[in-house]
Each structure stands twice: as structure tokens, then as C-alpha cells.
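See below for the structure under consideration.
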Protein chains: 2
Amino acid sequence: MHQQAIRELNERFRCQIPLTDHMGLEVSSWDGFALRMVAPLEANINDKGTGFAGSIASLATFAGWALVTLAVEERCGAAEVAVYRSEIRYRRPIDGDFEARCCLPEPAQMEELWQALTGTGKGRLELAVSVVQDGEEKVQFQGAYAVRLIAKPG
Amino acid sequence: MHQQAIRELNERFRCQIPLTDHMGLEVSSWDGFALRMVAPLEANINDKGTGFAGSIASLATFAGWALVTLAVEERCGAAEVAVYRSEIRYRRPIDGDFEARCCLPEPAQMEELWQALTGTGKGRLELAVSVVQDGEEKVQFQGAYAVRLIAKPG
């Protein structure tokens, strides 16, 4: 089920969000809890030969969006997810292919989201995304996402 | 002088940062104090037909970077500028071509930067960037940038 969701999501955003295709972004794993999204350095390089900050911010924002979308859609069906606030800290330069890693917050936060979605069809979720190269965290991201179910349950 | 700096900067990043070319980013004005950078919706659209959050974050981050780079290079010569922290608030969706607007902080902050650069060749600057569509602010961005002069003065 997760493999099919990954394939469908990668296909959907490659067609509908042209920039993600130019950046070479791809969900590489998703197990119902944790997600990884990869980005090649070459398409995302800057004038100093390191990762372009705009690409890194895009990757992190988008990985968080993909995590929330996959988790919500697997449980509740089609949903619109949008980031409304984020913060990012660029700790060290990136000089090779990189990836974003994120996982769902602790169960109490998820329970709040599920209850809000069940009750009103809307909810919010904050999560952390780590941007990693060769196993080392280079960039830290925190994002807040709004969720709206397309078909309200009940 | 400013017109030539705009042309050179646009040319430099179009060649060296491939993503900015895919996004159609371009400094449209710079007067030594304020900068505008434009982005077309078409290249930066998402699956909902509005501006892709990753593109908006890239535009804002990059506009701040361009402002700091132009201001520092006009006064002090070649410099390396890098964002190290930022925060962004997506207030309303963007559904047309958009632009980033930013200007240099108040004189006291600039004076601190110039003194740091003169003394050590290094400095930091925080600034706000507004992302605007049809004259309305849609997204607010705050970025912190580190500056290092390539040839230390003195």
C-alpha cells in the first residue's frame, strides 16, 4: 500500500508542480510513519558549488507536505494540505546529493489531528524535517501545515 | 551603476544557479536601497493552480540574498553572502505572477555591518522580504545573512 502511495504521489507532483521535476525531487521511502525525499546536488547547485538555499528550503517544505499528505490520505481519503509557516536553519553547506527525513509527531499530537479532522474536516500539524547529506544533518526545518479533507467524513 | 549591477547579477545567477533560471527569477529593480525580484506563476505553479510554497520560499530567500550582495559589493567589492536562518509566513495563496520586495534595514544596522566588514571582513544582516501579488502582500519572510568579503579591506 505504501509503495503504491509513493508511486502515485511522485507521479502526481512531477506532472503538476514543474519545479519539483526540475529539482529532481522524489519520495524514496515512506512506511506509514517516516518519509525520505531525495534531491540531486547537480540540479540544485549554486554559484559556490554547494546546495542552493532555495532548493533546500523547497525540499524541506515539500517533504513535510508529502508526509502530511500521505499520512492523512491513507487514513481519511483525499485532502488539501498547505504549509502556512516555517523556519529553517542552515547549519553547514551541502556539497553532495542530499535528502530530507521526517516522521510523524508523537501519538498525542496525531490523535489531536485525527479528532479535529473527524469533527470538522480541518486540522493542523507541526513537524520537524532534517536535511541530511552522507548521514550528517546539515539543515533543520520546522513547518506548520493546515489540512482540509476534501470529502468531510460522516 | 545600479543598472549594470542588476544586469551582471541576473546574468551571473542565470548561468550558475540553474533553478533560478527554471523559476524565471529576475531582479527587476534596484536603486541602492530597495530591490524587487519578479517570478512568473506559470513556472512556479503547484497542483492547486497557485504558487508553489517551495518557489515562494526560494524567491524570498534569493531576493534577500541579492539585496545584501548588491549593497555589499557596491560598497566593499566582491563578497560571499549566505543565508543562515529564515522564517516565512504564508498569509494568502498566490494566483498570479508575483514579486519579492525588500529594502536595506535602518541606517544604524547598516552602520554596524559596515564597521564589522571594515574591521574583520565579516558581518551579519537581518532583513524582511515581502512577497506581493497585484500590490497585496501575500507572504512575509525574515532572513538572516552572513557576509564575508573576498578581499579584506585595508
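Labels below follow one simple rule: chain letters A, B, ... track the order of the sequence lines, proteins then strands, and each chain is numbered from 1.
- Among residues 57-66 of chain B, the residues having any heavy atom closer than 4.5 Å to a heavy atom of chain A are, in sequence order, B:A57, B:S58, B:T61, B:F62, B:W65.
- Residues A:L67 and A:M110 are members of one and the same hydrophobic cluster, defined by side-chain heavy-atom contacts under 4.5 angstrom among Ile, Leu, Val, Met, Phe, Trp and Tyr.
- Within the 4.5 Å cutoff, the side chain of A:N44 has no heavy atoms near those of the B:I17 side chain.
- When each of A:P18, A:P93, A:S86 is scored by its heavy-atom pairs under 4.5 Å with chain B, the top score falls to A:S86.
- Put simply, CG on B:D47 and CD on A:E80 are 8.0 Å apart, with the number rounded to the nearest 0.5 Å.
- Here CE of B:M23 is found 6.0 Å from CG of A:L19. Values are rounded to the nearest 0.5 Å.
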B:T20 vs A:F52, side-chain contact (heavy atoms from CB on, under 4.5 Å): CA-CA, chis, key distance, verdict | CA-CA 9 Å; B:T20 63; A:F52 173 49; 3.8 Å; yes
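- With a 4.5 Å cut-off on non-hydrogen atoms, B:E42 touches chain A through its backbone but not through its side chain.
- The hydrophobic clustering, which links ILVMFWY residues whose side-chain heavy atoms are closer than 4.5 Å, places B:F13 and B:V38 apart.
- One hydrophobic cluster, built from ILVMFWY side chains closer than 4.5 Å, cannot hold both A:V132 and A:V129; they sit in different ones.
- Contacts with chain A were tallied for B:R89, B:Q140, B:R91, B:H22; B:H22 has the most, counting heavy-atom pairs under 4.5 Å.
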Output, in order, the C-alpha distance, side-chain angles, deciding distance and verdict of side-chain contact (heavy atoms from CB on, under 4.5 Å) for A:I88 and B:R85.
-> CA-CA 6 Å; A:I88 187 162; B:R85 192 185 65 239; over 6 Å; no
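- Counting only heavy atoms from C-beta outward, the side chains of B:Y90 and A:V83 approach each other to under 4.5 Å.
- At a threshold of 4.5 Å between side-chain heavy atoms, the hydrophobic network of Ile, Leu, Val, Met, Phe, Trp and Tyr places A:F33 and A:V72 in one connected group.
- The hydrophobic cluster containing B:V139 does not contain A:Y84, counting ILVMFWY residues as joined when their side-chain heavy atoms lie under 4.5 angstrom apart, directly or transitively.
- In this structure, the side chains of A:N46 and B:Q16 stay at 4.5 Å or more apart for every pair of heavy atoms.
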